[in-house]
Each structure stands twice: as C-alpha cells, then as structure tokens.
Amino acid sequence: MSYNMVIAGAGGIAQAVGLILSEWGTVPLKIFIGNRTLQKAEKVARWIGEGTTNPSVAKAFCLSESGMTKEMEEIFTQGDVLLDCLPGSLAPKMATYAKTFGLHYVNLTEYVAETNEIMELAKNAKTGFVLQSGLAPGYIDILAHYLYQEFCRKHSVDKVDKLQFKVGALTDHAVAPHYYGFTWSPVGVATEYIKDAEALRDYKKVYLKSLSERAKIIIDGRTYEEDLTSGGAADLPDALSAKVRYLDYKTLRYPGHYTWVEQQLAGLAKGDAAIKTLQEKMETEIPHIEQDQIVLYAAVEGKDSHGILRRSEASNLILPQKVGKHRLRAIQTTTAAPMVQAAFMLLESNQKGLILQSKIDPKPFLNGNFVVPVYGNIK
C-alpha cells in the first residue's frame, strides 16, 4: 500500500506537514508540493528531502492561479489526499479541486464564510472533507470533546456546567509595552481579536465580542491572561448546545498584552478596516521571534450523579522539537501533526462527506501515531 499526498502551499506549515509525513509515515508515500511560485515549492521539496531519514519522494509543481494546467490535472488525478496549507481565502478553490478529482481534503482555516462554502460543497462528496484540523481550531477541540465524553461516562451524567479550552502560541519571554512576539505569520491574529467569538451561554449558542471576558489563569504554576477570540471553538457550540451550560474558547497571552491591544483599538471603527489597522500596528511594533512554545489547557466542570461538583483538567506545554534532521517550531508541529493525522484517518476509514471536529472519534485520534510524538498520549 502506498499513498500520493498533495500539499497545497509552501510556507512553514506545509514544510512541517511534508517532513512529518516523510519521517513518521509507516507506508510508502509520494509527496507533491504545489505553490504559485514554483521556485518556492522546489525549495520546500529539497528541504524535505534533506531533512528526512526515510526514503521519500517530494516533487514540486506550479499551482497556477489562473486555472487548471495539464501538470496539475495529472497530479490531482494521482492524488489520494489534498492537504490545504494555503491562506483561508483560497480554501473553497482547493476544496473544489479535491471534489472534482476525487481526493480527500483536509484544511486548517478558521475563516467562517469560506468554511460555510466548503461545508455546502462537501455534503454529497464521495471523499472525506475534514475542516479546521490544526491546533485551534483542531486538536484543542477534539481534546475538549474527549474530556466532556469521559466526564459524562465516568460520572453517569449527560450535561455539564462548563467546558473551557484555551491555547496560547507564545514566546519564551515578553517585554513591555506589548508583552508579545510573533512566533509565526501575523496574518489572522488581528482578525481573531476583532471578529465575534462563538460560545454557549445557558445551553444556547451566542456570539460574544472578542476580548470581552478577560481573566487571569494559572497553568502549571505560571500566570497567563485569557480572553475570548474568534474561530477556536470550531463546531462544538453547535454540537454541544443543550448539553453544556457554558462553553468557550479563549486565547492565552502573557499579562499586559491584551491591555496594549485595547489601547491600539481605542477610537477605531469596527470591521475590516480595524483589522487592517491593528495588524499594521502590530507588525510595526512587535518583533518576530524564533524560539516559541505552545501552551494549552482544557477543563470540564459539573456535578456528578450524586450532586458533587467535580472538575477534570488537561494541560500541556509544547516546545520546538527535532523531526528527522530539522528542528521545527512548536507552532509548526502542533499545527501540522493533527492535519496529517486527519489525512490518514480519512485514508484508513474512507469516510465520506463533511467531517467537523465534533464528528471525530477523540481517543483514537488523540493517540494517533502522528499526534502522540508532539502532544503525548491520552489515557
């Protein structure tokens, strides 16, 4: 058995996806790296080849912006899965290619309109479409759903009071006035600070203003600030309405960062113009920093069948790690590993149609052979 994996994009996550496929895959693979700039795709293909200790074939191709080419048609016809690492605005186009050529499809984007478009497209597809499969949305939602299921099973209940899950992509150090550093692309950070967040309040789905419910939290003895941001809850507010009284996703930051963001937003009108302005301010004043870490936390709280209030928690601190001969940032491994796991879930189960985070069986996924080397085992 062998598979042909098509990766759309040639950025840092696409690099990590290709390297993890090559290094941790247990079956023979061919990897095709597609990018609008062929030179960039060729560079990533060489980087993967130089970084893996296993035999692998990584081939670059031009992913034309102007439409289908003969080379693209040949590669998509051979392909088994399309792993979409491109900006979210291009996701519907890539999903359409996957459906047309009969590939499974996996993406990362938290863009709402584009996700809704793909959801419609995937309804009658003959292959599987896993959306929002990275870190947040992605892994953190599957972990939260697992904690909810285990809590209900262990305590013989079917409703809980709280389901809370949080992720922070952070630097090792933070300095005034912004207490932040870009560990990856700044695109999307401003968006998640401004667009509304989906949550559950009193068992009903609601839209809340981002950065409107700030609090301090101590995780493994370290103090962070948490606040609502958009996109991270995936489909859990829909899947668990009437089952969870309070559900939300929050982003973790070092204390002081959110105050600085509020100062930048003061006087700005809401909407796309504010997103652009905030992003420009952040890129002007906040440095890019190589060394990074990922902090994640999830908890479920409620009364057991005897009326005793209980809480179950999980946390993790993930640092950069070596994969093959290359060292990957924490944001790369934590985003790429769940995406690759989702791709193999589709290949091995041959599921069809739309598969959102709540539809993934949590325990096998969380203990998958691509996820465990990054996140560790779930018992």
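No experiment lies behind these values; they were computed from the predicted model shown.
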Chemist: Can you see whether Asn124 engages Lys99 through a side-chain donor-acceptor pair at a distance of less than 3.5 angstrom?
Modeler: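 Yes - a donor-acceptor pair under 3.5 Å links their side chains.
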Chemist: Show your reasoning for whether side chain to side chain donor-acceptor pair (under 3.5 Å) applies to Gln164 and Asp248.
Modeler: CA-CA 5 Å; Gln164 302 165 317; Asp248 54 51; 5.2 Å; no
Chemist: Working note: Glu225 + Tyr254, criterion side chain to side chain donor-acceptor pair (under 3.5 Å); need CA distance, chi angles, decisive distance, verdict.
Modeler: CA-CA 6 Å; Glu225 281 187 341; Tyr254 290 123; over 6 Å; no
Chemist: Please determine whether side chain to side chain donor-acceptor pair (under 3.5 Å) holds for the pair Glu283 and Gln279, giving the CA-CA distance in whole Å, both sets of side-chain angles, and the decisive distance to 0.1 Å.
Modeler: CA-CA 6 Å; Glu283 290 189 76; Gln279 184 174 320; 3.1 Å; yes
Chemist: Starting from Phe370, can I reach Leu29 by hopping between I/L/V/M/F/W/Y residues whose side chains sit under 4.5 Å apart?
Modeler: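 Leu29 clusters together with Phe370.
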Chemist: Indicate the atoms forming the closest heavy-atom contact of Ala343 with Val81, along with that distance.
Modeler: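 What the structure gives for the nearest pair is CB-CG1, 3.9 Å.
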Chemist: Is there a path of hydrophobic side-chain contacts, each under 4.5 Å between heavy atoms of I, L, V, M, F, W or Y residues, that connects Leu170 with Trp260?
Modeler: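 No, it is not one cluster - the side chains of Leu170 and Trp260 are not joined through contacts under 4.5 Å.
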Chemist: Can you tell me how far apart CG (Asn369) and CH2 (Trp24) are? Round to the nearest 0.5 Å.
Modeler: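 Rounded to the nearest 0.5 Å, the CG-CH2 separation comes to 9.5 Å.
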Chemist: Please determine whether side chain to side chain contact (heavy atoms under 4.5 Å, CB included) holds for the pair Leu296 and Leu143, giving the CA-CA distance in whole Å, both sets of side-chain angles, and the decisive distance to 0.1 Å.
Modeler: CA-CA 10 Å; Leu296 60 89; Leu143 176 62; 3.9 Å; yes
Chemist: Hey, are Arg245 and Asp202 close enough for a salt bridge, meaning a charged N less than 4.0 Å from a carboxylate O?
Modeler: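 A salt bridge is present here (some side-chain N lies under 4.0 Å from a carboxylate O).
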Chemist: Report all side-chain donor-acceptor pairs from residues 8-21 shorter than 3.5 Å, counting only partners two or more places apart or in another chain.
Modeler:
none

Chemist: Distance alone, cut at 3.5 Å: any donor-acceptor contact between the side chains of Ser358 and Asp235?
Modeler: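 Side chains of Ser358 and Asp235: pair found under 3.5 Å.
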Chemist: Starting at NZ of Lys43, measure out to CD1 of Ile48 and round the result to the nearest 0.5 Å.
Modeler: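 Between atom NZ of Lys43 and atom CD1 of Ile48 there are 13.0 Å.
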Chemist: State, to 0.1 Å, how close Ser133 and Pro338 come at their nearest heavy-atom pair, and which atoms those are.
Modeler: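 Distance-wise, the nearest heavy atoms are O-CB, 3.3 Å.
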Chemist: Could you tell me the separation between the NZ atom of Lys93 and the CD atom of Glu117, rounded to the nearest 0.5 Å?
Modeler: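 The CD atom of Glu117 is 12.5 Å from NZ of Lys93, to the nearest 0.5 Å.
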Chemist: Heavy atoms, side chains only, cut-off 4.5 Å: are Val261 and Thr259 in contact?
Modeler: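 No, their side chains stay 4.5 Å or more apart.
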Chemist: Do the side chains of Val244 and Lys162 get nearer than 4.5 Å, heavy atoms only?
Modeler: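 Contact flag for Lys162/Val244 side chains = no.
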Chemist: When you group the ILVMFWY residues by side-chain heavy-atom contacts below 4.5 Å and let the links chain together, are Met345 and Ile140 in the same group?
Modeler: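 Linked, Ile140 and Met345 end up in one cluster.
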Chemist: Does the Thr333 side chain pair with the main chain of Ala330, one donor and one acceptor, at a distance under 3.5 Å?
Modeler: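 The answer is yes, because a donor-acceptor pair under 3.5 Å joins these two groups.
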Chemist: Looking at Gln132, is its backbone amide N or carbonyl O close enough to the side chain of Asn107 to form a donor-acceptor pair, meaning the two atoms are under 3.5 Å apart?
Modeler: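 Looks like yes, one N/O pair under 3.5 Å.
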Chemist: State, to 0.1 Å, how close Ser64 and Ser66 come at their nearest heavy-atom pair, and which atoms those are.
Modeler: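 Closest approach of Ser64 to Ser66: OG-OG, 2.9 Å.
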Chemist: Please examine the side chains of Met5 and Phe344, heavy atoms only from C-beta on, and report whether any two atoms are closer than 4.5 Å.
Modeler: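 Of all side-chain heavy-atom pairs linking Met5 with Phe344, at least one is under 4.5 Å.
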Chemist: Answer yes if Leu200 and Leu163 sit in the same cluster of Ile, Leu, Val, Met, Phe, Trp and Tyr residues linked by side chain heavy atoms under 4.5 Å apart, and no otherwise.
Modeler: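 Hydrophobic grouping puts Leu200 with Leu163.
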Chemist: Please confirm whether the backbone N or O of Arg311 pairs with a side-chain atom of Glu301, one donor and one acceptor, at under 3.5 Å?
Modeler: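 Side chain of Glu301 to backbone of Arg311: no pair is present.
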Chemist: Whether the side chain of Asn367 engages the backbone of Pro364 through a donor-acceptor N/O pair (distance < 3.5 Å, no angle test) should be reported.
Modeler: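 Flag not set: sc Asn367 to bb Pro364 has no pair under 3.5 Å.
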Chemist: Closer than 3.5 angstrom, by distance alone: can the side chain of Arg214 be matched with the main-chain N or O of Glu226 as a donor-acceptor pair?
Modeler: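 Not at all, since once roles are kept as given, no pair shorter than 3.5 Å links the two residues.
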Chemist: Starting from the C-alpha separation in whole Å, work towards a yes-or-no answer on side chain to side chain contact (heavy atoms under 4.5 Å, CB included) for Leu309 and Asp161.
Modeler: CA-CA 10 Å; Leu309 186 63; Asp161 291 331; 4.0 Å; yes
Chemist: Quick check on the 6.0 Å ring-centre criterion: do Tyr193 and His257 meet it?
Modeler: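 Judged by ring-centre distance (under 6.0 Å), Tyr193 and His257 do meet the cut-off.
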Chemist: Would you confirm whether Glu23, through its side chain, and Thr53, through its main-chain N or O, come within 3.5 Å as a donor-acceptor pair?
Modeler: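 Flag set: sc Glu23 to bb Thr53 pair under 3.5 Å.
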Chemist: Of all heavy-atom pairs between Cys152 and Val160, which one has the smallest distance, and what is that distance?
Modeler: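 It is SG-CG1, 4.2 Å.
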Chemist: Within this structure, what is the CD-SG distance for the pair Glu65 and Cys62, rounded to the nearest 0.5 Å?
Modeler: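 It comes to 8.5 Å.
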Chemist: Indicate yes or no: does Lys250 engage Asp227 in a salt bridge with an N to O separation below 4.0 Å.
Modeler: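 Result for this pair is no, no salt bridge flagged.
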Chemist: Would Phe165 and Tyr297 count as a close aromatic pair, with their ring centres under 6.0 Å?
Modeler: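 So the answer is no for these two rings.
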Chemist: Does the pair Ser230 and Glu192 meet the rule for a side chain to side chain donor-acceptor pair (under 3.5 Å), with working shown?
Modeler: CA-CA 5 Å; Ser230 71; Glu192 72 174 20; over 6 Å; no
Chemist: Hey, are Arg153 and Glu150 close enough for a salt bridge, meaning a charged N less than 4.0 Å from a carboxylate O?
Modeler: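 Judged by the 4.0 Å cut-off on N to carboxylate O distance, Arg153 and Glu150 do form a salt bridge.
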Chemist: Does a donor on one side chain and an acceptor on the other come within less than 3.5 Å for Asn54 and Ser22?
Modeler: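 No, no side-chain donor-acceptor contact under 3.5 Å.
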Chemist: Going only through I, L, V, M, F, W and Y residues with side-chain contacts under 4.5 Å, is there a path from Tyr139 to Leu147?
Modeler: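 Linked, Tyr139 and Leu147 end up in one cluster.
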Chemist: Checking one residue: Met68. Which other hydrophobic residues are in its cluster under the side-chain 4.5 Å linking rule?
Modeler: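 Its cluster mates, by chain and number, are Val6, Phe32, Phe61, Leu63, Met72, Ile75, Phe76, Leu82, Leu86, Leu90, Met94, Tyr97, Phe101, Leu103, Tyr105, Ile118, Met119, Leu121, Phe129, Leu131, Leu354, Leu356.
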Chemist: Considering only heavy atoms from C-beta outward, does the side chain of Asp196 approach that of Leu208 to under 4.5 Å?
Modeler: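 A side-chain contact under 4.5 Å is absent here.
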Chemist: Name the residue from Ile355, Leu346, Val340 that meets the side-chain contact (heavy atoms from CB on, under 4.5 Å) definition with Val106.
Modeler: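 For Val106, the side-chain contact (heavy atoms from CB on, under 4.5 Å) test succeeds with only one of Ile355, Leu346, Val340, which is Leu346.
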Chemist: When you measure from the side chain of Ser212 to the backbone N and O of Lys209, does any donor-acceptor pair fall under 3.5 Å?
Modeler: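 Checking the backbone N and O of Lys209 against the side chain of Ser212, a donor-acceptor pair under 3.5 Å is found.
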Chemist: For the residue pair His145 and Pro362, what are the closest heavy atoms and their distance?
Modeler: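 The pair with the smallest heavy-atom distance is ND1-CG, 4.3 Å.
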Chemist: Take Lys205 and Asp238 through the salt bridge (Lys or Arg N to Asp or Glu O under 4.0 Å) test and state the conclusion after the steps.
Modeler: CA-CA 7 Å; Lys205 183 177 174 180; Asp238 291 308; 3.1 Å; yes
Chemist: Check step by step if side chain to side chain contact (heavy atoms under 4.5 Å, CB included) holds for Asp172 and Ile289.
Modeler: CA-CA 9 Å; Asp172 288 354; Ile289 296 175; over 6 Å; no
Chemist: Any chance you could measure Thr77, atom OG1, to Asn4, atom CG, to the nearest 0.5 Å?
Modeler: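 Output value for this atom pair is 11.0 Å.
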Chemist: Using a 3.5 Å distance criterion without hydrogens, assess whether the side chain of Tyr375 forms a donor-acceptor pair with backbone atoms of Leu366.
Modeler: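 Absent.
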Chemist: Give a yes or no on whether Arg310 atom CZ has more than 12 heavy-atom contacts from other residues, nucleotides or ligands under 6.0 Å away.
Modeler: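 More than 12 within 6.0 Å, yes.
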Chemist: I need the Tyr180 OH to Tyr258 OH distance, nearest 0.5 Å.
Modeler: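 Spacing of OH (Tyr180) from OH (Tyr258) equals 8.5 Å.
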Chemist: Decide whether Gln39 and Thr37 meet the rule of one side-chain donor and one side-chain acceptor closer than 3.5 Å.
Modeler: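 The criterion, which ignores hydrogens and geometry beyond distance, is not satisfied for Thr37 and Gln39.
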Chemist: Do the non-hydrogen side-chain atoms of Val189 and Met282 ever get within less than 4.5 Å of each other?
Modeler: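 Yes, at least one pair of side-chain atoms sits under 4.5 Å.
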Chemist: Please report the C-alpha distance between Leu240 and Leu247 in whole Å, then the side-chain angles of each, then the deciding distance to 0.1 Å, and finally whether the side chain to side chain contact (heavy atoms under 4.5 Å, CB included) criterion is met.
Modeler: CA-CA 9 Å; Leu240 297 178; Leu247 176 153; 4.0 Å; yes
Chemist: Testing the basics here: between Gly181 and Ile286, what is the closest heavy-atom pair and its distance to 0.1 Å?
Modeler: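 Scanning both residues, the minimum pair turns out to be CA-CG2, 3.7 Å.
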Chemist: For atom NZ of Lys281, is the number of surrounding heavy atoms from other residues, nucleotides or ligands below 6.0 Å larger than 12?
Modeler: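 Yes, the 6.0 Å shell around NZ holds more than 12 heavy atoms from other groups.
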